[in-house]
Amino acid sequence: MQEAIRLATESVERGGGPFGAVIVKDGEIVAAGANRVTLDIDPTAHAEVCTIRLACKKLNTFDLSGCTIYTSCEPCPMCLSAIYWAHLERIFYAGTRKDAAAAGFADDFIYEELDRPMESRTIPIIPMLRSQAQTPFRRWTEKEDKTLYGTH
């Protein structure tokens with residue numbers, strides 16, 4: 001955790017956001033990263049997502065079962081989703097989403113949005129062409145040589 005916090009602090013000094021993360025497997029650091037949103041001009045370049053990407057490349061897998069993530073702050077909804085998709089087994093965090101909100105980050109707002117019905121959210125979410133969208137799902141279901149992912 002101290003390394004995640006150090007990376008977060010260093011990130012601020014380099015012009016990045018105040019977030020850092022470390023992924024550990026079998027007591028060894030597999031990957032370490034920091035927030036790169038402003039540096040990469042990428043709103044998805046949060047510390048946890050960047051670190052998951054590095055760990056997956058290093059271990060040559062999209063399944064990080066057996067790994068733990070240490071993050072300098074409670075993960076936002078996007079990062080939490082990425083952690084679940086990557087099958088990380090534990091999350092340790094230091095700061096809270098309230099701490100992030102006090103520093104000007106919208107984590108709490110997004111958590112609140114997710115609790116609202118779709119028709120009441122700030123960004124309109126409008127379904128369309130559902131029947132046509134079944135074609136790729138049907139093809140996926142029928143495909144015999146697919147690599148499964150996204151399941152728990």
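Everything numeric here is computed off the predicted structure, so don't read it as measured data. Residue numbers start at 1 and run along the sequence shown.
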Donor-acceptor pairs under 3.5 Å, side chain of residues 21-28 to any protein atom, not counting sequence neighbours: which ones?
none

Check for a donor-acceptor pair, side chain of [X] on one end and backbone N or O of [Y] on the other, with a separation under 3.5 Å.
| X | Y | answer |
| --- | --- | --- |
| Ser72 | Ala8 | no |
| Thr51 | Ala31 | no |
| Glu89 | Thr68 | no |

Kindly indicate whether the side chain of [X], heavy atoms from C-beta on, has any atom under 4.5 Å from the side chain of [Y].
| X | Y | result |
| --- | --- | --- |
| Asp42 | Arg36 | no |
| Thr135 | Arg138 | yes |
| Leu59 | Cys67 | yes |
| Leu7 | Phe19 | no |
| Arg90 | Ile69 | no |

What distance do [X] atom [atom1] and [Y] atom [atom2] have between them, rounded to the nearest 0.5 Å?
| X | Y | atom1 | atom2 | answer |
| --- | --- | --- | --- | --- |
| His87 | Thr61 | NE2 | OG1 | 9.0 Å |
| Asn60 | Lys58 | CG | NZ | 13.0 Å |
| Leu39 | Ser11 | CG | OG | 6.0 Å |
| Glu3 | Arg6 | CD | CZ | 4.0 Å |
| Leu88 | Ile52 | CG | CD1 | 5.5 Å |

Can you confirm whether [X] is buried at [atom1], in the sense that more than 12 heavy atoms of other residues, nucleotides or ligands lie under 6.0 Å from that atom?
| X | atom1 | result |
| --- | --- | --- |
| Ile41 | CD1 | no |
| Met1 | CE | yes |
| Arg130 | CZ | no |
| Lys57 | NZ | no |
| Glu119 | CD | yes |

Check the pair Phe109 / Leu114 against side chain to side chain contact (heavy atoms under 4.5 Å, CB included), numbers first and verdict last. CA-CA 9 Å; Phe109 168 76; Leu114 293 172; over 6 Å; no
Please say which of Pro18, Cys76, Cys73 ends up in a side chain to side chain contact (heavy atoms under 4.5 Å, CB included) with Phe105.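 By the side chain to side chain contact (heavy atoms under 4.5 Å, CB included) criterion, Phe105 pairs with just one of Pro18, Cys76, Cys73: Pro18.
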When you check the gap from the basic side-chain N to the acidic O, do [X] and [Y] get nearer than 4.0 Å?
| X | Y | result |
| --- | --- | --- |
| Asp99 | Arg97 | no |
| Lys98 | Asp108 | yes |
| Arg116 | Glu112 | no |

Taking all atoms of both residues into account, what is the closest heavy-atom pair of [X] and [Y], and its distance?
| X | Y | answer |
| --- | --- | --- |
| Ile83 | Pro75 | CD1-CG, 3.9 Å |
| Ile110 | Pro77 | CG2-CG, 3.5 Å |
| Phe62 | Leu148 | CZ-O, 3.5 Å |
| Pro127 | Ile125 | CD-O, 3.8 Å |
| Ala45 | Asp40 | CB-OD2, 4.5 Å |
| Cys79 | Val49 | SG-CG2, 4.0 Å |

Apply the test side chain to side chain contact (heavy atoms under 4.5 Å, CB included) to residues Thr44 and His46: give CA-CA distance (whole Å), side-chain angles for both, the deciding distance (0.1 Å), then the verdict. CA-CA 6 Å; Thr44 69; His46 289 201; 6.0 Å; no
List the steps, then state whether side chain to side chain contact (heavy atoms under 4.5 Å, CB included) holds for Val12 with Asn35. CA-CA 9 Å; Val12 173; Asn35 180 285; over 6 Å; no
Do the ring planes of Tyr70 and Phe92 sit parallel (below 30°), tilted (30 to 60°) or perpendicular (above 60°)?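 Judged by the thresholds at 30° and 60°, the geometry between Tyr70 and Phe92 is parallel.
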If we count only N and O atoms by modelled type, under 3.5 Å, do the side chains of Thr96 and Glu74 hold a donor and an acceptor together?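 Distance-only check fails for Thr96 and Glu74.
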Check whether the side chains of Glu113 and Thr122 place a donor and an acceptor atom closer than 3.5 Å, and report yes or no.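 Result is yes, a qualifying pair exists.
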Shared hydrophobic cluster, Ile91 / Tyr111 (ILVMFWY, side-chain heavy atoms < 4.5 Å):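 Yes, one cluster joins them.
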